[in-house]
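Since the structure comes first, as C-alpha cells, the remarks are kept for the end.
Bear in mind the structure is a predicted one, so any value in this text is a computation, not a measurement. Below, chain A is the first sequence line, B the second, and so on; all start at residue 1. The basis for the numbers below is simple: all heavy atoms, side chains too, and nothing from hydrogens, waters or symmetry mates.
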Amino acid sequence: MLLSRMFLPTLKESPSDAEVISQKLMIRGGMIRKVAAGIYNTLPLGLRVINKVENIVRSEMNRAGAQEISMPFVLPAELWKESGRWDEYGKELLRIQDRHGREFCLGPTHEEIVTDLVRREVRSYRELPINLYQIQPKFRDEVRPRFGLMRGREFIMKDAYSFHANDESADIEYRNMFDTYSRIFERCGLAFKAVEAETGQIGGRFSHEFHVLADTGEDAIASCGSCSYAANVERAEVRADAASPIAEAVKKLEKVNTPGKKSVDEVSGFLKIKPAQLIKTLIYETDKGVVAVLLRGDHELNEPKLKRALDASFAALADETTVRKATGAPSGFAGPVNLKAPVYADYAVKAMAEAVTGANEADAHLKNVYPSRDFPQAVYCDLRVAAAGDGCPRCNGTLTITRGIEVGHVFKLGTKYSEAMGATFLDEGGSERPMIMGCYGIGIGRTAAAAIEQNHDEAGMIWPLPLAPFDCEVVPVNVKDLDLAKAASEIYASLNSMDIETLLDDRDERAGVKFKDADLIGIPVRVTVGERNLKNGMVEIKERKNGSVRLVKKEEAVSEVKQLLGRSR
RNA sequence: CGGGGCGUAGCGCAGCCUGGUAGCGCACCUGCUUUGGGAGCAGGGUGUCGGAGGUUCGAAUCCUCUCGCCCCGACCA
C-alpha cells in the first residue's frame with residue numbers, strides 16, 4: 001500500500017473528548033472517527049486490525065469445531081418476550097418499531113435468536129452437540145458510552161452458542177471454548193488472564209472472563225500469588241480468616257453523641273478512629289425480606305455475594321422509610337445491637353473488638369461493641385468486595401489486585417433459554433428434554449483497543465505483529481531524491497512479493513513527519529532509506545517495540561526484515 | 001436519571017463577563033527555499049459562532065427553548 005494513496009488522516013493533537021490512550025491513539029492514528037456517542041467509523045488502517053483479530057478468532061473457532069452463521073441485527077420482540085428478557089433487559093436494549101408498529105430491538109446478544117433457530121431444526125440427541133457462532137455488530141444502549149472502542153454502543157462481537165444433550169457434553173465444550181479462547185489471545189500476542197466471573201444479565205451457572213492485562217483496564221482482577229486462583233473482584237471470594245482470635249469483651253457498651261454524623265468518614269473523623277474500627281450497617285430490601293448487612297468500615301459490600309448468601313433474586317439498599325421502620329432511626333445510624341431484622345455479617349466483622357456502630361437512634365452511635373457479646377444472632381458469610389491482601393479462598397496465599405480489560409467471556413448457560421423457549425430434543429430413551437446451552441463471546445474491537453492499552457509509548461501504538469495493520473513500513477527519507485525513491489520502491493516491491501504486508505511512505509513530506517507518523521501507527525518494522533546510508537549501499541532497519549536499529553546492505557534488507565518478523569514464507 | 005461543563009474554521013482553542021469589522025496555533029491551498037525526527041518566508045479564510053425564537057438600531061456575546069457532546073454521580077450509610 002502506498003501511503004500517499006491511503007485514506008489515513010493522522011492528527012498531531014487528540015480530540016478533547018478522547019479519554020483513554022487507545023481511543024486517543026486510534027483517532028490520532030487515523031483508525032477510527034466518531035459518528036455519535038459510542039458509535040464509530042472504522043477507517044482503512046483500523047479495519048485492517050479488526051480483520052486480523054476476526055481472522056484469528058475465525059480460524060480458531062473453526063478449528064474448535066464451531067460453525068459460522070449470520071443472524072439478523074434487528075430482532076423481533078416476540079422472541080425476547082418468550083425468554084422474559086424483553087422486560088428484564090432494561091434500557092440497554094434499544095427498542096424500535098417498524099412501519100406497522102410491530103416491536104423490534106437491535107441485537108445486544110443473540111441467545112433468543114439462536115435458540116429459536118435451533119429449536120426449529122434440531123429434534124434428536126443425534127444432532128447434538130452443535131456450536132454456532134457469528135461475527136457481527138451488536139448494539140447496547142449503554143448509559144454512558146466512553147473510551148472509544150473499549151465501550152461503544154455499537155461494537156463488533158464474536159458470539160457463539162452451543163447446544164448439548166447432557167451436562168458432560170456441555171462441560172466438554174466449555175473446556176474446549178476456554179482452551180480456544182486461550183489460543184486466540186495467545187495468537188493475538190497479548191498478555192491475558194482467564195478469571196472466574198459473575199454471569200450478569202446473560203444468566204447461567206458459571207463463567208470465566210478473559211482479560212487483557214493493562215493498568216488502564218476498567219475491571220479489577222483478584223489473583224492469588226501462590227495458586228492459580230483468579231477472579232473478577234465482582235466475583236472473587238475471600239477466605240474466612242479462621243486464624244484471627246475472637247477478642248474477649250472487656251469494655252462496657254457506651255452510647256456516644258454523633259450529631260449529624262452518618263457516613264463512615266464522618267463518624268470516624270468525628271470520633272477520631274480509623275474506618276476499620278467501624279461496623280457499617282446497610283439495610284437491604286430483598287425478596288427474602290428486609291435484612292441488615294454488616295461490614296467493616298473500610299470494606300465494601302459485594303451485592304452478588306449477598307444475593308447468593310440469602311438465595312435472593314433481588315436485593316437493593318432500602319429507602320429511608322424502610323430504614324426507619326427497621327431501625328427506628330434515620331438512615332446513617334443503623335446498628336446490629338438489638339436489631340429485629342436478620343443480621344448478616346461479613347467474616348471480617350467477627351474478629352472486631354471495641355468497634356463503633358450505629359445506635360438505632362438519631363445522632364447516636366455505640367462504642368465498645370463486641371460482635372459475639374452484642375449481636376450474637378449475626379450470621380457470618382463472605383460478603384465483601386475482595387481487596388489486596390485478603391486471603392485466597394483456595395489456598396493460604398494472599399490476593400493481589402491487577403487491572404484488566406474484559407475481551408472474552410465464556411458462560412455455561414444451562415437450560416435458562418432452552419426451557420423458557422422450549423428448545424427440546426428427544427434423548428436415547430425417547431423422552432423430551434431441554435437442551436443444555438453454553439455461550440461464548442469475544443469483543444473484537446475491544447480486543448484491538450486493549451492491544452493498544454497494553455502496548456504503547458509516548459510516541460504511539462506498538463502493535464504486536466499478529467494484529468499489526470502492516471508488517472513493515474518502508475520510509476524513503478526524501479522522495480525527491482530519485483535514488484532513494486527507487487531503492488525504497490524496490491525494497492517495498494520485493495517485501496510485498498514475499499507476502500509481507502508493507503506500507504511505503506512515498507509522500508513528499510519531510511523525514512520528521514514520516515517518522516512521527518510511523519511511530520504513531522506502530523508498524524512493527526521500519527526500513528529507512530536515507531541518503532547518507534544509501535551512499536554506502538546500506539539501509540536502516542528499526543524495530544518499533546524496542547527501538548533497536550541496525551544498518552544492513554540494501555540487498556539484505558528484505559531477508560533481514562523477514563527474519564525479524566520471524567517468518568519463512 | 002441527578003449534578004456540572006462544553007458547543008466559534010478540518011483539529012486544538014481565545015473572544016462572551018462589559019452587545020458594535022469573527023480571531024490565534026496547527027492543518028489545508030499557491031509559490032520559492034528546505035529535506036534523517038511534526039521546516040522557513042510570502043500570499044490565501046475554507047465560518048449557518050450547534051439550532052429556533054426573543055430583547056436590541058445592532059447579538060458569537062443578553063434572555064427563553066431545544067439539540068448534541070463530555071465529565072461526575074446513580075443508592076457506600
Which donor-acceptor pairs under 3.5 Å do side chains of residues 522-541 of chain A form with protein atoms, sequence neighbours excluded?
| residue | atom | partner | partner atom | Å |
| --- | --- | --- | --- | --- |
| A:R526 | NE | A:T528 | OG1 | 3.2 |

Checklist entry - Any ion pair linking A:K255 and A:E361 (charged N to carboxylate O, less than 4.0 Å)? => result yes
Identify whether the distance between the nearest side-chain nitrogen and carboxylate oxygen of A:K305 and A:E237 falls below 4.0 Å.
no
Worksheet item: Is a donor-acceptor contact shorter than 3.5 angstrom present between the side chain of A:E531 and the base of B:rG36?
Response: no
Within residues 507-524 of chain A, the residues having a heavy atom closer than 4.0 Å to RNA chain B are A:R510, A:A511, A:G512, A:V513, A:F515, A:K516, A:D517, A:D519
With the side chain defined as heavy atoms from C-beta on, A:P15 is closest, among B:rC69, B:rG36, B:rG12, to B:rG12
| request: Please determine if A:K545 and A:E543 form a salt bridge, counting it only when a charged side-chain N lies under 4.0 Å from a carboxylate O. | output: yes
- Query: How is A:E540 classified with respect to the nucleic acid when contacts are heavy atoms under 4.0 Å: base, sugar-phosphate, or nothing?
  - Reply: base
Q. Do A:R48's NZ or CZ and the ring of A:F470 fall within the cation-pi criteria of under 6.0 Å and 45°?
A. yes
Quick note, salt bridge (Lys or Arg N to Asp or Glu O under 4.0 Å) partners involving residues 331-359 of chain A, not counting sequence neighbours, are A:K251-A:E354, A:D346-A:R384
Quick note, salt bridge (Lys or Arg N to Asp or Glu O under 4.0 Å) partners involving residues 21-42 of chain A, not counting sequence neighbours, are A:D17-A:K34
Does A:R28 contact B:rG12 through a side-chain donor or acceptor facing the base, at a distance under 3.5 Å? no
Here the residues of residues 479-495 of chain A within 4.0 Å heavy-atom distance, strictly under, of RNA chain B are A:K480
Against the side chain of A:K280, the closest entry in B:rC70, B:rC76, B:rC75 is B:rC76
Expected list for residues 5-14 of chain A near RNA chain B, using heavy atoms below 4.0 Å, is A:K12, A:E13, A:S14
Original post:
Is it true that A:E490 and A:K486 have a side-chain N and a carboxylate O under 4.0 angstrom from each other?
Top reply: yes
Closest of B:rC76, B:rC70, B:rG36 to the A:K34 side chain is B:rC70
*May I ask you to say whether A:R403 pairs ionically with A:D215, meaning some side-chain N is under 4.0 Å from a carboxylate O?*
no
